[in-house]
Amino acid sequence: MGVVGLQSQTAKPAGIQGLVELVSGDMEKVNELILSKAGSNVELIPEIARHLIDSGGKRLRPMLTLAFAQMFGYEGEGHVILAASVEFMHTATLLHDDVVDESDMRRGKLAARKLWGNQASVLVGDYLLGQAFKMMVDVRSLEALRILSEASAIIAEGEVLQLGAAQDTTTTYDMYLRVIEAKTAALFAAACEVSPEIADKGDEMRAAARKFGLELGYAFQLVDDALDYGGATVDLGKDVGDDFHEGKITLPVIYAMERGSDEDKAFWKRCLEDGDIKDGDLDHAIKLLKDTGALADTVQRARDYGASAIDALSVFPDGPAKQALKEAVDFCIARVS
């Protein structure tokens, strides 16, 4: 299966609906908490925060926290607080990412940095991160705090790793896996792991939940990698080809360079390493990715990670939560189906 023809696909797959319905009551509480904690007497802070918070993100990560809490029969409000913390961590990362990547679009709207500047975007991201940690403390679980604070540090490491790998056409598959584990998969893993922790379900359940999140995070990012070259702006919330123009070495590019001719390798080096991109180069890049099977194989690798995520659920009891989590995996992969 390839990624050809994705430009015509605008409808979102229905697979996430089960998860949305499962956690709808708790998500109302999460959204209320997010809006209250995004407030500040400094007017610019809620203005920038609301710009991104209200821009239509799927809130997948906090929904995973809530779904696992429901699976374990957790009673209390800790899962709501931690879910809001996870979303704030994610939102802060997006604000920082857009500055580092010099992105113009985020979730189909102008990036905050384009409206308010880089300095304000970074500082509001820092504020949201601080609010996330304040909420974590309110849960009174030192281990949950450790899980999420460790994820925050790993995400920052991932940003630095990506800077080192950017525009480096010698980047290997293993090097790139380290980047996406840190930048994307680590927060998915932490979002899943904190619920069995506060529900006191033991190491086996925690490890399985973390494994599910980690594998899902890998799958999610690899699908994004494919969509950047074979998707549509509506699917991405940013412009198709942003990774190309930013010189990012993603898995499709790694595959294409491994399989390409010397002429193809010179093309990738000129565009991504030297930043010398001419009219028509993006179209040529997409053609190379399709001709070498790089896009299709990236999607297949994402499917493999998705299958591993579903396998990790085998230790959990059957029920609505487990089914919704399986459907969430299908949703992530189906964005390129």
Side-chain angles (χ1 to χ4, degrees), residues 1-10 94 97-111 113-114 118 158-180 183-184 220-302 335-337:
M1 152 294 169
V3 196
V4 181
L6 284 179
Q7 284 79 356
S8 63
Q9 185 182 3
T10 59
L94 297 182
D97 276 356
D98 287 344
V99 171
V100 172
D101 296 340
E102 299 182 345
S103 299
D104 294 338
M105 300 290 291
R106 171 63 65 181
R107 293 174 176 169
K109 298 169 65 174
L110 279 176
R113 75 173 200 90
K114 294 294 290 183
N118 288 340
E159 289 291 347
V160 178
L161 273 173
Q162 182 167 273
L163 279 178
Q167 300 175 318
D168 181 1
T169 53
T170 66
T171 300
T172 64
Y173 174 71
D174 287 342
M175 292 165 62
Y176 187 64
L177 261 193
R178 287 182 61 203
V179 171
I180 66 171
K183 277 182 54 68
T184 303
F220 188 93
Q221 185 58 56
L222 292 178
V223 167
D224 269 7
D225 288 352
L227 281 172
D228 193 77
Y229 288 99
T233 299
V234 70
D235 299 312
L236 293 164
K238 61 178 184 176
D239 293 329
V240 172
D242 272 0
D243 287 351
F244 181 73
H245 289 105
E246 291 166 11
K248 288 184 179 178
I249 313 299
T250 58
L251 187 57
V253 172
I254 292 170
Y255 280 154
M257 289 195 63
E258 286 176 350
R259 301 166 185 178
S261 65
D262 289 343
E263 182 181 354
D264 295 339
K265 289 180 174 66
F267 166 81
W268 291 113
K269 184 179 183 303
R270 171 174 64 79
C271 293
L272 300 181
E273 203 165 287
D274 301 337
D276 180 16
I277 298 175
K278 301 179 171 61
D279 289 344
D281 279 347
L282 176 58
D283 289 338
H284 183 61
I286 292 171
K287 182 178 185 302
L288 290 178
L289 292 169
K290 290 176 179 175
D291 289 348
T292 59
L295 283 178
D297 286 351
T298 296
V299 174
Q300 184 55 52
R301 185 57 63 96
R335 292 181 298 152
V336 289
S337 295

So for atom [atom1], which belongs to [X], do other residues, nucleotides or ligands contribute more than 12 heavy atoms lying within a distance under 6.0 Å?
| X | atom1 | answer |
| --- | --- | --- |
| Lys278 | NZ | yes |
| Arg270 | CZ | yes |
| Asp276 | CG | yes |

Donor-acceptor pair, distance only, cut-off 3.5 Å: does the side chain of [X] make one with the backbone of [Y]?
| X | Y | result |
| --- | --- | --- |
| Gln167 | Gly247 | no |
| Lys265 | Gly260 | yes |
| Asp225 | Thr250 | no |

Using every non-hydrogen atom in the two residues, find where [X] and [Y] come nearest and quote the distance to one decimal.
| X | Y | value |
| --- | --- | --- |
| Ala294 | Pro252 | CB-O, 3.2 Å |
| Leu289 | Ala256 | CD2-CB, 3.7 Å |
| Ala111 | Asp98 | CB-OD2, 3.8 Å |
| Ile249 | Ala165 | CG1-O, 3.5 Å |
| Gly158 | Val179 | O-CG1, 4.3 Å |
| Ile254 | Thr172 | CD1-O, 3.7 Å |

Decide side chain to side chain contact (heavy atoms under 4.5 Å, CB included) for Lys290 and Tyr229; before the verdict, give the C-alpha distance in whole Å, the side-chain angles of both, and the deciding distance to 0.1 Å.
CA-CA 9 Å; Lys290 290 176 179 175; Tyr229 288 99; over 6 Å; no
[X] versus [Y]: any side-chain heavy-atom pair under 4.5 Å?
| X | Y | answer |
| --- | --- | --- |
| Leu94 | Arg107 | yes |
| Lys183 | Gln221 | no |
| Glu102 | Arg113 | yes |
| His245 | Leu282 | yes |

Looking at [atom1] of [X] and [atom2] of [Y], how far apart are the two atoms once the value is rounded to the nearest 0.5 Å?
| X | Y | atom1 | atom2 | result |
| --- | --- | --- | --- | --- |
| Leu295 | Asp228 | CG | CG | 10.0 Å |
| Asp224 | Asp242 | CG | CG | 11.5 Å |
| Arg335 | Leu227 | CZ | CG | 5.5 Å |
| Thr292 | Asp264 | OG1 | CG | 8.0 Å |
| Arg301 | Leu177 | CZ | CG | 7.5 Å |
| Leu222 | Leu251 | CG | CG | 5.5 Å |

For Phe244, enumerate each residue passing the ring pair (Phe, Tyr, Trp, His ring centres under 6.0 Å) test, keeping only those at least two apart in sequence or located in another chain.
none
Salt-bridge contact Arg259-Asp297 (side-chain N to carboxylate O under 4.0 Å):
yes
So, are Asp101 and Lys248 salt-bridged, with charged N and O less than 4.0 Å apart?
yes
Can you pull the ring pair (Phe, Tyr, Trp, His ring centres under 6.0 Å) pairs that have at least one residue in residues 249-281, sequence neighbours excluded?
Phe267-His284
